[in-house]
A.B. asks: 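One structure, as structure tokens, below. Some questions next.
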Amino acid sequence: MDYNKGKIITAAQMAAVSNVSHLTNDRIEALAGGHGMVNIAVHSVANVITEEILGGGSVSIKFADVRRLPVENILEKAIHTAKASGADGANAALITAVMMYLAGSAAQVGIPAGNRKLGATCRMIAGVDRSGVSAIPTSKMNSKISGFPAVMAINQAMMEGKLSPISGRHVPENVAESPLYGHSTLGEDIIWPAMAEKGAEIGTQAMLDAMAGAGIRPEPLQAALLGAAAILEIIHPDAEVPEGQGQYGRTTSVRLVGRTAAKVAGLPEKVHMFVTGQEFDTAQLVGDIGLILKDIGAPSVIGMMALAEILACFKEQISSGFSASPVNAPLGHQGSYAIVGMKALLEENANPDEIARKIASERVVASLHPESALVSINIIARKADEVKNGPVTKLLIQATEPARAKAIYDKAEFAFEQLSAGKSVADVVKALDDERLATVEENAGALFTSMAGQKVTVKVDEIRSAARRTVKLVKKYWSFDAYTDVTVTMGDQKAVMKGFIHDVIPKVCQGQCQDVAWAVPFAAAVMDDLSLSGCNILNVVIPAAVACAMKLDTPAAIAGEAESAAYITVGIPGAKVHATEVGKMALEIINYME
């Protein structure tokens, strides 16, 4: 049959981009309703905040004798938009408060009448009740725990007389609850600084210990945030600090709490925003977000997962958020670059074209699979733009569209050439997945070599499904029960790990196989990325679209063949449905052209 290459490729390309949901196995339409994650709300709020500030809106939290501050107009719009994007009240309040804080709002101002706190203001606007830190969960790190361990440990120390350097039984009548306590040596120089530091230390350590006790690898930032929030429920958060520990009128006990919590958690003293390079003092960051958390209400696990992704905007990668890490996570985790885009656009004399280029280049450098990194941002930005369009989603699309277009064209051209030469759809898909695996292995080696200071290689020797289970679903989709053999080298060391996921990892966690324990983090990063390949299924849908445009078989048959051959990309269900729909559209387009 005489094929017109240009028409075939055009049909395949246009079919692939006709519905952004067809480029991923992640359920992004569900995300737009808040089911699974609320990162669409993060993007929507970024659009609102950026639009409002660039339009002259104020982010200032002022100590003013008024019922409503101008900033509350932005907060109200952002919270409303977050709710419309799938977030419930508490999650909408949390997302808005933290993003407004990063945009430049103060976390607190004023004492006593007219006192305003960003977290409390957002909670009130969202119409949700305060809950207490013990009801706030961590994000899901496979398991999750609440802030209760921090609250319990601090309260236990308090009841044992180990928290405050002075017993309340010794505070004279008419001194207690008075300004003689609250604005004097007793409160500001003796009691609260000691309680701030001791409480933050106890609370943060309790969270780290509790995570470990739940089989969770301790996550320093969330431990520090909840440890800080727990002591800030008790002490005076607006108290001035002792002379020499901060600027009067600008530095409160919140920073003392944040400084100790960050130190106990092992966080760096300073962190820096991707693209802009803006520096943040970690002590203030931890204290302020801890203050927001203690006032915000009861966000859910997915709200806290959104917080983790928001705070993944820093180059030091202090957060457990995935969206700026080397591993390309499910699309529900995409969020950090909405913050980066927002911050960059709010800078003086911001140039969107230059920002877009920086976002693309920085994300590529840090990713094990650059194509998926940029395609993932593009997909979620497009879906968010459907919900609430604005400058941030527009910027992210601009930054990533060239990479998406190139990936689609290259795969379409490769598929056309191979199919024209007599190769099967399965051959084409397997070749593309071979390339995907090689790319991840190569980039992992380069990244880990730079980190380790000596040559590192990671090679996946075998990958298949059903390592230990027998049910049909597990046999068909490998990510649910992966069997993998992985070999890692570092300098003169070599670790050959057969049954890496189902055998070696559990043994290492139980103190066995310590001769290869050094290699597990390297191999795990590669397998994490490969296990989550369903974020980007171009390797399936593009060959299917080309084959359908070439009328090699029915869309359903072609899609089934493509899915079965995708031994890396198809780790979870969904690709066949998407490939079928894209194939049908490609066929309709080519028929119309003819």
Side-chain angles (χ1 to χ4, degrees), residues 217 315-317 320 322-330 361-376 403 407 410-411 414 429-465 467 478-479 481-536 538-539 565-571:
R217 183 175 175 84
K315 295 179 181 180
E316 289 75 10
Q317 298 193 351
S320 61
F322 274 101
S323 48
S325 77
V327 173
N328 294 297
S361 62
E362 285 196 14
R363 185 65 190 113
V364 162
V365 168
S367 174
L368 295 182
H369 193 245
E371 174 195 298
S372 289
L374 297 182
V375 168
S376 293
D410 287 350
K411 293 176 198 296
F414 176 77
V429 172
K430 183 182 181 302
L432 291 174
D433 262 14
D434 287 344
E435 181 184 40
R436 183 173 197 157
L437 175 58
T439 298
V440 172
E441 290 174 335
E442 180 182 351
N443 286 332
L447 178 64
F448 297 144
T449 296
S450 67
M451 293 169 58
Q454 54 185 318
K455 186 171 178 58
V456 175
T457 65
V458 182
K459 177 66 178 175
V460 179
D461 303 310
E462 184 173 354
I463 183 168
R464 58 176 170 80
S465 61
W478 70 270
S479 287
D481 183 30
Y483 178 93
T484 57
D485 296 334
V486 187
T487 299
V488 178
T489 66
M490 181 171 67
D492 296 331
Q493 293 179 281
K494 184 175 183 179
V496 179
M497 296 174 285
K498 292 186 178 295
F500 172 65
I501 296 173
H502 77 283
D503 188 25
V504 174
I505 289 177
K507 287 179 178 177
V508 168
C509 292
Q510 296 175 77
Q512 304 170 45
C513 298
Q514 292 304 294
D515 58 320
V516 298
W518 63 270
V520 169
F522 299 128
V526 168
M527 291 314 307
D528 283 341
D529 192 272
L530 297 177
S531 297
L532 299 168
S533 291
C535 62
N536 163 24
L538 292 181
N539 283 1
Y567 72 102
I568 297 294
T569 297
V570 178

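Throughout, residue positions are numbered sequentially from 1 according to the sequence presented.
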A.B. asks: Roughly how far, to the nearest 0.5 Å, is the OG1 atom of Thr487 from the CZ atom of Phe500?
C.D. replies: 11.0 Å
A.B. asks: Are more than 12 heavy atoms, taken from residues, nucleotides or ligands other than Lys315, located less than 6.0 Å from that residue's NZ atom?
C.D. replies: yes
A.B. asks: Side chains of Ser372 and Arg436: is there a donor and an acceptor less than 3.5 Å apart?
C.D. replies: yes
A.B. asks: Go through it in stages, so that I can follow the logic: the residues are Val488 and Trp518, the test is side chain to side chain contact (heavy atoms under 4.5 Å, CB included), and I'd like the CA-CA distance, side-chain angles, deciding distance and then a yes or no.
C.D. replies: CA-CA 10 Å; Val488 178; Trp518 63 270; 4.0 Å; yes
A.B. asks: Any donor-acceptor pair under 3.5 Å linking the side-chain atoms of Ser367 with those of Asn328?
C.D. replies: yes
A.B. asks: Say whether Tyr483 and Asp481, considering side chains only, have a donor N or O and an acceptor N or O under 3.5 Å apart.
C.D. replies: no
A.B. asks: For a quick test of reading the model, state the closest non-hydrogen atom pair linking Ser325 to Gln317 and the distance between them.
C.D. replies: CA-NE2, 3.8 Å
A.B. asks: To the nearest 0.5 Å, how far apart are CZ in Phe322 and CG in Asp529?
C.D. replies: 10.5 Å
A.B. asks: Quick one: does Thr484's side chain get under 4.5 Å of His502's, heavy atoms only?
C.D. replies: no
A.B. asks: Where is the tightest heavy-atom contact between Ala525 and Val327, given as atom of each residue plus distance?
C.D. replies: O-CG2, 3.7 Å
A.B. asks: Can you name the nearest heavy-atom pair linking Ala444 to Val526, along with the distance?
C.D. replies: CB-CG2, 3.5 Å
A.B. asks: If you draw a 6.0 Å radius around CG in Asp515, do more than 12 non-hydrogen atoms from other residues or ligands fall strictly inside?
C.D. replies: yes
A.B. asks: State, without any angle test, whether Ser531 and Ser479 hold a side-chain donor-acceptor pair at a distance under 3.5 Å.
C.D. replies: no
A.B. asks: How many angstroms lie between atom NZ of Lys455 and atom OG1 of Thr489, to the nearest 0.5 angstrom?
C.D. replies: 7.0 Å
A.B. asks: Where do Val429 and Tyr567 land on the side chain to side chain contact (heavy atoms under 4.5 Å, CB included) test, with the steps shown first?
C.D. replies: CA-CA 9 Å; Val429 172; Tyr567 72 102; over 6 Å; no
A.B. asks: Could you tell me the separation between the CZ atom of Arg363 and the OG atom of Ser376, rounded to the nearest 0.5 Å?
C.D. replies: 8.0 Å
A.B. asks: With the side chain counted from C-beta on, respond yes when Glu441 and Thr457 share a heavy-atom pair under 4.5 Å apart, and no when they do not.
C.D. replies: no
A.B. asks: Check whether more than 12 heavy atoms from other residues, nucleotides or ligands sit under 6.0 Å from atom CD of Glu435, and answer yes or no.
C.D. replies: no
A.B. asks: Any side-chain heavy atom of Gln454 within less than 4.5 Å of one from Asp492?
C.D. replies: no
A.B. asks: With no hydrogens and no angle check, just 3.5 Å: does a side-chain donor-acceptor pair link Asp433 and Thr569?
C.D. replies: yes
A.B. asks: Nearest 0.5 Å, please: how far is OG in Ser533 from NE2 in His369?
C.D. replies: 7.5 Å
A.B. asks: Do you know which two heavy atoms are closest between Lys498 and Val504, and how far apart they sit?
C.D. replies: O-CG2, 3.5 Å
A.B. asks: Restricting to non-hydrogen atoms, name the atom on Val570 and the atom on Trp478 that form the minimum distance, rounded to 0.1 Å.
C.D. replies: O-CD1, 3.4 Å
A.B. asks: Check Gly499 against Asp485 and note the closest heavy-atom contact, atom names and distance.
C.D. replies: N-OD1, 2.8 Å
A.B. asks: Could you grab the distance from atom CD1 of Ile505 to atom CG of Asp503, nearest 0.5 Å is fine?
C.D. replies: 10.0 Å
A.B. asks: Give the intermediate values and the outcome of side chain to side chain contact (heavy atoms under 4.5 Å, CB included) for residues Glu371 and Lys411.
C.D. replies: CA-CA 12 Å; Glu371 174 195 298; Lys411 293 176 198 296; 3.0 Å; yes
A.B. asks: Do Val486 and Phe522 have side chains that get closer than 4.5 Å, going by heavy atoms?
C.D. replies: no
